[in-house]
*Asks:* 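Quick one: this structure, given as structure tokens, is what I'll be asking you about.
Residue numbers count from 1 along this sequence. Remember, it's a predicted structure, so these values are computed and weren't measured experimentally.
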Amino acid sequence: MSSQVTEEAVLKALSRVIDPDLHRDIVSLGMVKDLKIENDEVWFDYELTTPACPLKEKMRSMAEEALAGVPGLKAHHIKMTARVRSAKGLPDRAEIPGVANIIAVGAGKGGVGKSTVSANLAVALGMLGARVGLMDADVYGPNMPLMMGVDEAPMMEDKKMIPLENHGVKIMSMGFLLDPDQPVIWRGPMLHSAMNNFVRDVKWGELDYLVVDLPPGTGDVSLSLSQLVPVAGAVLVTTPQEVSLADVSKAASMFRKLQIPILGLVENMSYFICPHCNERTDVFDHGGGRRLCEQMDIVLLGEIPMHPAVRQAGDAGTPIVKRNPESPQSEAFLALARNLAQQVSVATLK
């Protein structure tokens with residue numbers, strides 16, 4: 001039996017569905033895949049730009065509402081899928097084979113929990129369905145072996161290092177290659193060589209996101225990363241107090257000079273919730289990260305509450321988002337991951 005409903009009518013209806021992040025219709029964005037019409041019923045895949053999309057169900061509902069206006073349509077069958085697209089970095093940088101988006105996580109100063117944010121962000125993205133790698137580029141203090149619960153030496157294959165894996169994330173760290181008690185006293189050329197090895201001599205495989213935990217400050221490693229690969233964008237980590245905010249402003253200026261887009265800012269240790277009385281205490285002031293985002297015209301990706309459990313989980317080798325996914329801290333990290341994925345999706349159109 002032939003169908004009275006046409007592909008043109010279905011696509012016309014779906015073209016009225018506007019992606020709330022990308023601000024274009026889902027047909028022109030190429031999100032409608034494998035459209036099939038039989039007996040006045042329609043089947044298609046709705047391909048989102050990230051599996052971490054926080055508005056997945058809303059977007060399905062919007063498509064269903066649009067299809068309800070197609071004359072003669074008896075039923076619709078929508079399969080929600082996702083394919084992470086690559087954000088455009090600087091065009092003259094050599095890509096890492098298989099890696100769609102390189103995300104640099106930086107801070108203006110140490111002690112703000114940048115590595116904790118990097119580890120939990122990477123694991124959270126993986127928990128939301130993405131393929132994720134974590135590069136520990138903090139060569140002066142490589143903490144990822146401890147925080148991610150891995151301490152083996154990487155294997156070699158075809159003259160390339162194979163990342164270790166844990167918690168659904170591929171991991172590479174200078175800590176795998178050095179004596180734990182050996183200090184790293186390197187000048188710029190050695191740091192550049194180390195970064196080149198991490199991006200060229202590691203077999204990362206297919207990744208949607210490679211999270212790079214940078215050393216604090218504005219030094220050689222960040223410069224080397226920007227020169228070697230097309231970085232999709234940077235995530236800045238701060239705490240609410242003024243001294244941290246002043247330093248993260250310098251980090252933002254550095255990324256802009258390196259032509260690396262700033263995807264947003266994370267205010268870590270944003271507040272403390274007493275586990276006994278549930279009272280909130282703003283230990284390091286309140287609202288500094290939000291005000292800075294307004295001044296710099298960047299996105300506030302998340303406010304992460306502080307709690308001893310975050311430190312305990314990292315010390316035990318299982319980030320809090322994996323160890324206790326229903327805790328307020330984990331919910332904040334998962335929201336951070338969703339918000340970051342949104343910003344990367346937006347960057348793919350720029």
Side-chain angles (χ1 to χ4, degrees), residues 20-21 48-56 82 84 87 101-107 112-135 144 147-148 167-169 208-214 232-240 244-245 248 251-252 255 261-273 284 286-290 292-293 296 298-307 309-311 313-314 318-347:
D21 295 317
L48 302 174
T49 55
T50 173
C53 178
L55 302 174
K56 180 177 179 179
V84 176
N101 296 288
I102 301 168
I103 311 297
V105 181
V112 299
K114 172 186 53 59
S115 294
T116 296
V117 169
S118 296
N120 279 280
L121 172 61
V123 175
L125 286 167
M127 291 170 64
L128 293 169
R131 300 168 298 178
V132 187
L134 176 59
M135 182 195 296
M144 289 307 165
M147 300 179 73
M148 294 294 288
H167 309 308
V169 174
D208 298 316
Y209 307 101
L210 176 59
V211 177
V212 182
D213 182 38
L214 294 172
V235 174
L236 302 174
V237 182
T238 186
T239 52
S244 179
L245 294 168
V248 83
F255 284 119
I262 298 173
L263 297 169
L265 179 140
V266 182
E267 186 178 87
N268 194 33
M269 294 181 269
S270 184
Y271 54 90
F272 173 72
I273 300 293
F284 299 121
H286 173 66
R290 189 175 297 276
L292 183 63
C293 287
M296 299 176 61
I298 59 177
V299 175
L300 180 64
L301 294 171
E303 296 174 319
I304 312 298
M306 64 186 302
H307 195 279
V310 178
R311 189 271 307 163
T318 304
I320 186 71
V321 73
K322 189 76 171 184
R323 191 179 195 185
N324 187 3
E326 296 183 358
S327 69
Q329 294 75 32
S330 296
E331 290 176 357
F333 279 121
L334 286 164
L336 162 63
R338 293 188 184 97
N339 291 338
L340 172 65
Q342 280 183 312
Q343 292 306 307
V344 174
S345 294
V346 171

*Asks:* Side chains of M147 and P319: does their closest heavy-atom pair fall under 4.5 Å?
*Replies:*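 M147 vs P319: side chains apart.
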
*Asks:* What's the separation between atom CE in M135 and atom CD1 in I103, rounded to the nearest 0.5 Å?
*Replies:*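 Nearest 0.5 Å value for the CE-CD1 distance: 12.0 Å.
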
*Asks:* Show the nearest heavy-atom pair for residues V346 and D21, with the distance to one decimal.
*Replies:*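 So the two residues come closest at CG2-O, 3.5 Å.
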
*Asks:* Do you know which two heavy atoms are closest between A122 and V169, and how far apart they sit?
*Replies:* O-CG2, 3.7 Å

*Asks:* Is the backbone of R131 close enough, under 3.5 Å, to the side chain of D208 for a donor and an acceptor to pair up by distance?
*Replies:* yes

*Asks:* For the atom pair NE2 (H167) and CE (M127), what is the distance rounded to the nearest 0.5 Å?
*Replies:* 11.0 Å

*Asks:* Is a side-chain N or O of N101 found less than 3.5 angstrom from the main chain of A232, in a donor-acceptor match?
*Replies:*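 Not a single qualifying donor-acceptor pair exists.
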
*Asks:* Testing the basics here: between G126 and V132, what is the closest heavy-atom pair and its distance to 0.1 Å?
*Replies:*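 Between these two residues, the closest heavy atoms are N-CG2, 3.6 Å.
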
*Asks:* Give me the atom names and distance for the closest heavy-atom approach of P240 to E267.
*Replies:*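 Shortest heavy-atom separation between P240 and E267 comes out as CG-CD, 3.6 Å.
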
*Asks:* Contact between N268 and V237 at the side-chain level, heavy atoms closer than 4.5 Å - yes or no?
*Replies:*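 Yes; the side chains approach each other to less than 4.5 Å.
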
*Asks:* Kindly give the heavy-atom pair with the smallest separation between K114 and L214, and that separation in Å.
*Replies:*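 The answer is NZ-O, 2.6 Å.
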
*Asks:* From T116 OG1 over to M269 CE, what is the distance, rounded to the nearest 0.5 angstrom?
*Replies:*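 Nearest 0.5 Å value for the OG1-CE distance: 7.5 Å.
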
*Asks:* Quick check for you: to the nearest 0.5 Å, what is the distance between Q329 atom CD and R311 atom CZ?
*Replies:*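 Going from the CD atom of Q329 to the CZ atom of R311 covers 13.0 Å.
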
*Asks:* For the CD1 atom of I298 and the CG atom of L292, what is their distance to the nearest 0.5 Å?
*Replies:*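 So the CD1 of I298 and the CG of L292 are separated by 6.0 Å.
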
*Asks:* Can you name the one residue among L125, V212, V211 that meets side-chain contact (heavy atoms from CB on, under 4.5 Å) with L134?
*Replies:* V211

*Asks:* Using every non-hydrogen atom in the two residues, find where L301 and L263 come nearest and quote the distance to one decimal.
*Replies:* CD2-O, 3.9 Å

*Asks:* Does N324 offer a backbone N or O that forms a donor-acceptor pair with the side chain of S330 under 3.5 Å?
*Replies:*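 A pair under 3.5 Å: yes.
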
*Asks:* Do L55 and Q342 touch side chain to side chain, with heavy atoms closer than 4.5 Å?
*Replies:* yes

*Asks:* side-chain contact (heavy atoms from CB on, under 4.5 Å), that's the test. Do Y209 and T50 meet it? Break it down for me.
*Replies:* CA-CA 10 Å; Y209 307 101; T50 173; 3.0 Å; yes

*Asks:* Heavy-atom distance under 4.5 Å between the side chains of V266 and V105, does that happen here?
*Replies:* no

*Asks:* Hey, what do you get for OG (S345) to CG (L48), rounding to the nearest 0.5 Å?
*Replies:*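 That separation rounds to 8.5 Å.
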
